Amino acid sequence: MVRHTTCIMSIPSTASIESQLPTTWSSYPCPDMMPGYTSRLWSQDYKPQYWSKYLVWQWLQQMVDMHQIDAASIHFQNFDVDGRQLCSMTYQDFTRATGTMGPILYQSLNELKWSGTLTHWTKLFMCSPLLIDLPCPFPEPSIYPADPQGTHLWEFIRDILLNPERNAGLLKWEDRTDGVFRFLKSEDVAQLWGKKKNNSTMTYEKLSRAMRYYYKREILEHVDGRRLVYKFGKNAQGWRLSEK
DNA sequence: GGGTCATTTCCTGATT
DNA sequence: AAATCAGGAAATGACC
């Protein structure tokens, strides 16, 4: 608890955030708070439902700073949650966790939930240079948006597919029982794969070459004529509904 | 150190 | 026209 408070207090509380930030956000590079992520991902819709624990923490810090809240009044242990869990918190949950700040946090979050795009405000808090060096008190966030465990590419793809609620429209089943799926955001999946492999130069062009090597090993079956569509083959396991 | 494996990188050319 | 697909060839990095 003390550590959290100290952390918050390290932000100069007298100066307003706005006065310390560059005024032109469009040209300001987003600092690499999560190494390996590119601005490409950040420019996509980024609703709180998909935030990692890390982003939840950053949002909370920004709110505390913006509203000059006494950090001691906040029960930080209630915010060791990811975006999905944060969004399922009720008005009462917020009040219980933050006292008088509850209504403000609750309303602010609700506005973000329904905004379709990355708002100026969202960008502001995610990119705030004031936040870069502040340690996150919670464990490292899992890879956004799903948490693919597999070490191989096809397992990585499978595991995103198997987390529909957190997959954020990257991939989609075309035929669930036959194992046919399609890339919806091919470059974003490639970036995510690159992050996992610590390779920021990964592209769909390169990822797809690796996918094509799977045909010979029968991990994937060829689907003809359909762009961005693949099908799991007999040597791919763990994707069927009946399995596992 | 060598060999294997699973990609990664690069490329040329075809297709959508 | 741009994106995607097809594979060959070679390079790379992890692992045994």
Side-chain angles (χ1 to χ4, degrees), chain A residues 25-47 50 52-54 116-118 122-123 126 136 139-244:
Chain A
W25 278 97
S26 54
S27 62
Y28 189 79
C30 198
D32 203 3
M33 294 175 291
M34 302 172 79
Y37 281 12
T38 64
S39 56
R40 166 189 292 281
L41 269 176
W42 293 100
S43 68
Q44 302 296 319
D45 295 357
Y46 211 119
K47 298 185 180 184
Y50 302 114
S52 60
K53 282 186 180 180
Y54 186 88
T117 56
L118 193 68
T122 312
K123 200 180 291 184
M126 285 183 179
C136 172
E140 264 298 287
S142 59
I143 291 181
Y144 164 85
D147 189 11
Q149 296 297 312
T151 47
H152 295 122
L153 175 59
W154 71 270
E155 295 171 310
F156 175 85
I157 297 295
R158 176 199 64 191
D159 294 346
I160 291 177
L161 246 8
L162 258 28
N163 282 290
E165 76 283 358
R166 295 170 71 189
N167 152 342
L170 296 174
L171 297 159
K172 176 173 179 282
W173 288 110
E174 289 279 291
D175 187 322
R176 185 65 183 84
T177 45
D178 273 2
V180 181
F181 60 93
R182 181 160 54 98
F183 282 75
L184 299 180
K185 298 181 181 176
S186 55
E187 290 302 337
D188 286 351
V189 175
Q191 284 294 310
L192 205 56
W193 173 238
K195 164 151 179 66
K196 188 174 180 62
K197 298 291 290 290
N198 208 11
N199 175 356
S200 60
T201 67
M202 182 49 59
T203 61
Y204 177 71
E205 183 74 30
K206 292 187 276 191
L207 182 153
S208 64
R209 180 68 189 95
M211 294 288 277
R212 289 194 290 275
Y213 271 127
Y214 284 146
Y215 294 141
K216 185 165 283 188
R217 297 168 58 195
E218 300 191 90
I219 286 168
L220 292 178
E221 269 178 45
H222 188 255
V223 175
D224 50 60
R226 313 192 49 200
R227 306 182 122 205
L228 303 171
V229 176
Y230 298 83
K231 176 180 180 178
F232 287 120
K234 66 180 179 205
N235 292 330
Q237 280 125 45
W239 58 269
R240 288 179 189 279
L241 285 169
S242 54
E243 292 177 72
K244 186 172 179 183

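Computed from heavy atoms alone, side chains included, the values below leave out hydrogens, waters and symmetry copies. In what follows, chains carry the letters A, B, and so on, assigned in the order in which the sequence lines appear, proteins first and then strands, with residues in each chain numbered from 1. Nothing here was measured: the structure is a model prediction, and the numbers come from that model.
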Here's a test for you: under side-chain contact (heavy atoms from CB on, under 4.5 Å), which of A:Lys216, A:Arg212, A:Arg217 qualifies with A:Tyr214? A:Arg217

Counting N and O atoms only, with roles assigned by atom type, does the side chain of A:Gln191 sit under 3.5 Å from a partner on the main chain of A:Met202, one being a donor and the other an acceptor? yes

Does B:dT7 have OP1 or OP2 sitting under 4.0 Å from an N or O in the side chain of A:Trp154? no

With a strict under 4.0 Å distance from non-hydrogen atoms of chain A, what nucleotide opens and what nucleotide closes the contacted stretch of DNA chain C, reading 5' to 3'? C:dA3 to C:dA10

Using whole Å, report how far NZ of A:Lys196 lies from P of B:dT7. 12 Å

Check whether any side-chain nitrogen or oxygen of A:Lys206 sits under 4.0 Å from OP1 or OP2 of B:dT9, and answer yes or no. yes

Closest-nucleotide 5' rank along DNA chain C - winner of A:Tyr213 and A:Leu228: A:Leu228

Please confirm whether the shortest side-chain N or O distance from A:Arg209 to OP1 or OP2 of B:dA6 is below 4.0 Å. no

Return the value, rounded to whole Å, for the distance between atom CD of A:Glu205 and atom P of B:dT15. 17 Å

Please find the pair of heavy atoms, one from A:Lys231 and one from A:Phe181, that lie closest to each other, and give the distance. N-CE2, 4.3 Å

When you measure from the side-chain N and O atoms of A:Asn199 to the phosphate of B:dT9, is any distance below 4.0 Å, counting only OP1 and OP2? yes

For DNA chain C, list all stems, counting runs of three or more consecutive pairs where every pair is Watson-Crick or G-U wobble with both distances under 3.5 Å. B:2-16 with C:2-16

Are A:Trp173 and A:Trp239 side-chain neighbours, meaning at least one heavy-atom pair lies under 4.5 Å? yes

To the nearest 0.5 angstrom, please state how far the CD1 atom of A:Ile157 sits from the CG atom of A:Leu207. 5.5 Å

Between A:Arg217 and A:Arg212, name the one whose nearest nucleotide on DNA chain B is closer to the 5' end. A:Arg217

Assess whether side chain to side chain contact (heavy atoms under 4.5 Å, CB included) is satisfied between A:Lys206 and A:Thr201, documenting all intermediate values. CA-CA 9 Å; A:Lys206 292 187 276 191; A:Thr201 67; 3.5 Å; yes

Nearest-angstrom distance from the residue atom CH2 of A:Trp193 to P of B:dA6: 12 Å

Can a donor-acceptor pair be found, under 3.5 Å and without considering hydrogens, that links the side chain of A:Arg158 to the backbone of A:Gln237? yes

Value rounded to 0.5 Å, distance of CG in A:Leu162 from CG in A:Leu171: 11.0 Å

Checking only heavy atoms, does the side chain of A:Arg227 share a donor-acceptor pair with the base of B:dT16 at less than 3.5 Å? yes

Between A:Ile219 (CD1) and B:dT7 (P), how many Å, whole number? 7 Å

What is the distance, to the nearest angstrom, from the OH atom on A:Tyr215 to the P atom on B:dT7? 15 Å

Under 4.0 Å between a side-chain N or O of A:Lys197 and OP1 or OP2 of B:dT7? no

Remember a base hit wins even if backbone is also touched, and classify A:Tyr230 as base, sugar-phosphate or nothing at under 4.0 Å, heavy atoms. sugar-phosphate

Within the structure provided, determine whether A:Phe183 and A:Met211 are in side-chain contact (heavy-atom separation under 4.5 Å). yes

Rounded interatomic separation in angstrom, taking CG from A:Leu207 and C1' from B:dC10: 16 Å

Close side-chain approach of A:Trp154 to A:Asn235, heavy-atom, < 4.5 Å: no

